[in-house]
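The figures here come from the full heavy-atom set of this structure, side chains too, leaving out hydrogens, waters and symmetry mates. For the single chain, residues carry numbers from 1 onward in sequence order. Since this is a predicted model, take the numbers as computed values, not measurements.
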Amino acid sequence: MSVNNNSEDFIKYNRSDTEYAGAAEVVKKELEHLQKRRKTDPEKLKGLALSGGGIRSASFCLGVVQALCRQGRLEEFDYMSTVSGGSYLGGSLSWLWLDKWRNKTDCETKFGTGPDNFPYGTGCRHTNKDIELDREQAALMRHFRQHGKYMTPGHGITALSFLSVLLRSISMGFVTLIVLVSLLFHVLHFTPVFDSGYLFHTVAMDLGMSGIIIYILALLSYGFLAIFHRGKADSAYLWRRRWEISIQYVLVVSFVALLIASVAEMTEYMENEMQTTGSVSTVIGALIAWFGQKSSKQSILKIIPVSLLVYSGVLIMFIGLFVLSDITANLFRNIEYTYKEIPMGFAFNLLAAAIVLLSAYLIPINKVSIHRYYRDRLMETFNPDACDVLHGKNSHTAFKANSTSLHDCLADADNDMPYHIINSNIILVESDIAKFRGRGGDNFILSPLYSGSNATGWMHSSKFADGSITLPTAVAISGAAANSDSGMAGEGVTINPFLSALMSIFNLRLGYWVVNPDTDIQKHQDKNPNFLTPGFRGALSRKNLNEKADFIQLSDGGHFENLGLYELIRRRCRLIVCCDAEEDKNFAFGSLSNIIEKARVDFGVKIDICAEDLETLKYNQKKNGKIKFAQKGYCLVDIIYPHPEPPGKLIYIKTTLTEQLPADVMGYRSTHSDFPDETTADQFFDETSRSLPYARHAYRYVAEK
């Protein structure tokens, strides 16, 4: 399939477009759709932003949306922009508002944005409302709450299912690495010095130590070389750049040589215990790296820098993997049978490597990663086969959503639902553009009309990835929090290149690989990303993590901006309601600070909120167990758009504790001291956990304001 770059199927970034930062044509097409369907006024756009924060955010945002619906205000919103956990709810609402789930023979219910037909109800009964609809709304809420343990929902899908998928990803990467590296060692063993162990103990060690000495001498001699380098200023500058670029390779070669030498030392002196040594080293390295991520919360390790623990753990783990690779090479070498002077051990090793490479080339990486398991479980909870739920059947499947493409979710003329923008992050840690490289990515939208970003351009969603992105897949991408080379707002331990390489080798990612939407770059439009390319290749080289790569990797939208405000500000919405339900026990307002900076730099827009406003949102836990409640749960903020555009308003709603909360919410708080900021990492909980308290909490202080 090829795409005409001059057609409406693809919109290139327009650097002359300053009003919408390159996306003017995308916004124009959206507004044309909204004006036909809703008679939207482009000068009075309203947007609803649902933040990241896992199930906590989905539940909290549900309460906010229910309150807006009860007031009859939900139907006024033109856009709904969602991120991560907010996309769980946003995807569920979009699914239920559309007709795709309906069985035409026995499902006549039509959900909407009004208080009489909102899918999850509004917490009150209306006189003009059919009691049968109440039952249907109650059935959907019951399904939502009873699937709280969405990662292990039961009915055949248990914790062992999740563990098996996890081990599947690890095993594929483990086998691929071990077999290929063992073949390399096997080839080296054909050299006399390597086979005798001389290369291990002498050449590798000497090379490594010599490299270190050369590196140190080069550093010390730089000043003297600069003195004797007489030339023009430009040539001196060029000489400095060349030195700074080349000196790093001396260190890399030295490090690799010393690593080989360390593997050799283990091979000779612990030959009888090599298998145990390799396995123990690998496990210890993994544990150190894991504890390193959590060192800020572990009293015994928090005095050690996180980066040091991660680097050390990953290094030890790689040494263990190389030791196991050498063991594998020796096992093949010990096969003494030969055929026509061809050692069968080497032939078997070569055959194993060929099988591994072929398998890695044929296996679609997105379908065997943890992403697919995560996506399916989210789909079954938030995009169920709704007819079964409404008719009292205990639905555990979601076949209809599974085959519903994102571009098929474009609402028709009689549907008043807002236009849904699902936000993700394109990983650009190796971009040539400093802005993208520094941020680690760019905001990548997945919507019914267009998908893409400033970095890549936007392609019509029916053409993007050959139309294969479904609504559940887009939601799962938006919530792909655990991913290599990415972290919240471009920061975090998983940005670490060594840890990212290890995660990539073992395919430990929730993110998603897709063909680059930029038609000037596309070379493999009829080819799906596989475990070899870009999967295993990406683990060995990060150079393709940029906007020019054939394949791009998408991760959690919160890795760029976690409130969902970025695209609404780009579209110059005059009123934005934002639900901030991220984990923020210390009221650092990190995501708010992040979007304030990005809005100013990218759009020239000022979100005019001061520290005094934020103080009113904070509550404190006193020593006697009593709570000093927050003054309120929201702030009204001015959005100053560039002149001559009129300003907008932001209603910023924050998870906090205010007075006169319902008794059941405060009762939950009394036994869960972290409420309302329980960890986002915990995605395994039951019906009585967060879903009801968070929704009730949000509903309570929004509905009355």
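In this model, a donor atom of one side chain and an acceptor atom of the other lie less than 3.5 Å apart for Ser453 and Thr456. Thr82 and Ser87 share a donor-acceptor pair across their side chains, judged by distance under 3.5 Å alone. Between the side chains of Asp556 and Ser84, at least one donor N or O lies within less than 3.5 Å of an accepting N or O. Looking at Ser486 and His559, their side chains do bring a donor and an acceptor atom within 3.5 Å of each other. A donor-acceptor pair shorter than 3.5 Å cannot be found between the side chains of Asn507 and Ser369. One side chain, His460 or Ser462, offers a donor N or O that lies under 3.5 Å from an acceptor on the other. Residues Asn516 and Glu547 have side chains that never bring a donor and an acceptor to within less than 3.5 angstrom of each other. Counting only N and O atoms by type, the side chains of Glu567 and Asn443 include a donor and acceptor under 3.5 Å apart. Of the N and O atoms on the side chains of Ser447 and His420, not one donor lies less than 3.5 Å from an acceptor on the other residue. Side-chain contact check for Ser478 and Ser424: no donor-acceptor pair (N or O, by modelled atom type) lies under 3.5 Å. A donor-acceptor contact under 3.5 angstrom links the side chains of Arg375 and Thr473, judged on distance only. For Thr404 and Thr470, the side-chain atoms include no donor-acceptor pair closer than 3.5 Å.
Of the possible donor and acceptor atoms, one in the side chain of Ser182 sits under 3.5 Å from a partner among the backbone N and O of Val179. In this structure, Asp385 contributes its side chain and Cys387 its backbone to no donor-acceptor pair below 3.5 Å. Between the side chain of Asn546 and the backbone N or O of Ala549, at least one donor-acceptor pair lies under 3.5 Å. Looking at Asp442, its side chain does come within 3.5 Å of a backbone N or O of Ala455 through a donor-acceptor pair.
When each of Ile469, Asn528, Asp466 is paired with Val514, the side-chain contact (heavy atoms from CB on, under 4.5 Å) condition holds for Ile469 and for no other.
By the 4.5 Å heavy-atom criterion applied to side chains, Leu357 and Leu532 are counted as neighbours. The side-chain heavy atoms of Ile421 and Tyr79, taken from C-beta on, include a pair separated by under 4.5 Å. Proximity of Trp101 to Phe111: side-chain heavy atoms (C-beta onward) are separated by under 4.5 Å at one or more points. Put simply, the side chain of Leu358 does not reach to within 4.5 Å of the side chain of Val356, judged on heavy atoms. No side-chain heavy atom of Arg437 sits less than 4.5 Å from a side-chain heavy atom of Leu428. Here the side chains of Asn594 and Asn562 are not in contact, with every heavy-atom distance at 4.5 Å or above. You'll find the side chain of Leu508 reaches within 4.5 Å of the side chain of Leu166, heavy atoms only. You'll find the side chain of Leu449 reaches within 4.5 Å of the side chain of Tyr419, heavy atoms only.
To the nearest 0.5 Å, the span separating CD1 on Ile505 from CD1 on Ile178 amounts to 9.5 Å. The CZ atom of Arg509 sits 9.5 Å away from the CD1 atom of Ile370 when rounded to the nearest 0.5 Å. Thr381 contributes atom OG1, which lies 10.0 Å from atom CE of Met379 (distance to the nearest 0.5 angstrom). Atoms CE and CE, on Met80 and Met417 in that order, are 6.0 Å from each other to the nearest 0.5 Å. The structure places CD1 of Ile477 at 10.0 Å from OG of Ser555, a figure rounded to the nearest 0.5 Å. The CG atom of Leu563 sits 11.0 Å away from atom NZ of Lys598, with the distance rounded to the nearest 0.5 Å.
Ion pair Asp674/Lys585 flagged as a salt bridge, since at least one NZ, NE, NH1 or NH2 atom sits closer than 4.0 Å to an Asp/Glu carboxylate oxygen.
Across all their heavy atoms, Leu471 and Asn383 have their closest contact at CD2-ND2, 4.3 Å. Annotation for Leu406 and Ser451: closest pair CD2-OG, 4.3 Å, computed over non-hydrogen atoms. For the pair Asn483 and Leu510, the tightest heavy-atom approach, listed with the atom from each and the gap, is OD1-N, 3.5 Å. Taking every heavy atom of both residues into account, Gln66 and Tyr120 meet most closely at NE2-O, 3.2 Å. Leu140 approaches Pro119 most closely through the heavy-atom pair CD1-O, 3.4 Å. Closest heavy-atom contact between Cys578 and Leu565: CB-CD2, 3.9 Å.
Using cut-offs of 30° and 60° on the angle between ring planes, the pair Tyr512 and His371 is tilted. Between Phe444 and Phe464, the angle of the ring planes lies from 30° to 60°, which puts this pair in the tilted group. Ring orientation note: the planes of Tyr566 and Phe560 are nearly perpendicular, at an angle over 60° on the 30°/60° scale.
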Go through Phe382 and Val475 one step at a time and tell me if the side-chain contact (heavy atoms from CB on, under 4.5 Å) criterion holds. CA-CA 10 Å; Phe382 295 99; Val475 168; over 6 Å; no
Could you walk me through whether Ser57 and Tyr88 satisfy the side chain to side chain donor-acceptor pair (under 3.5 Å) test, starting with their C-alpha distance in whole Å, then the side-chain angles of each, then the deciding distance to 0.1 Å, before giving a yes or no? CA-CA 9 Å; Ser57 176; Tyr88 297 177; over 6 Å; no
Give the intermediate values and the outcome of side-chain contact (heavy atoms from CB on, under 4.5 Å) for residues Cys409 and Ser94. CA-CA 8 Å; Cys409 294; Ser94 287; 6.0 Å; no
Take Met172 and Phe531, measure what side-chain contact (heavy atoms from CB on, under 4.5 Å) needs, and give me the verdict at the end. CA-CA 9 Å; Met172 290 179 64; Phe531 196 81; 3.9 Å; yes
What do the steps show when you test Val515 against Asp550 for side-chain contact (heavy atoms from CB on, under 4.5 Å), and what is the final call? CA-CA 6 Å; Val515 175; Asp550 298 338; over 6 Å; no
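In this view, Asn530 satisfies the side chain to side chain donor-acceptor pair (under 3.5 Å) rule with no residue, not counting sequence neighbours.
Cation-pi contact between Arg377 and Tyr374: absent, since separation from the ring centre below 6.0 Å together with deviation from the ring axis within 45° is not met.
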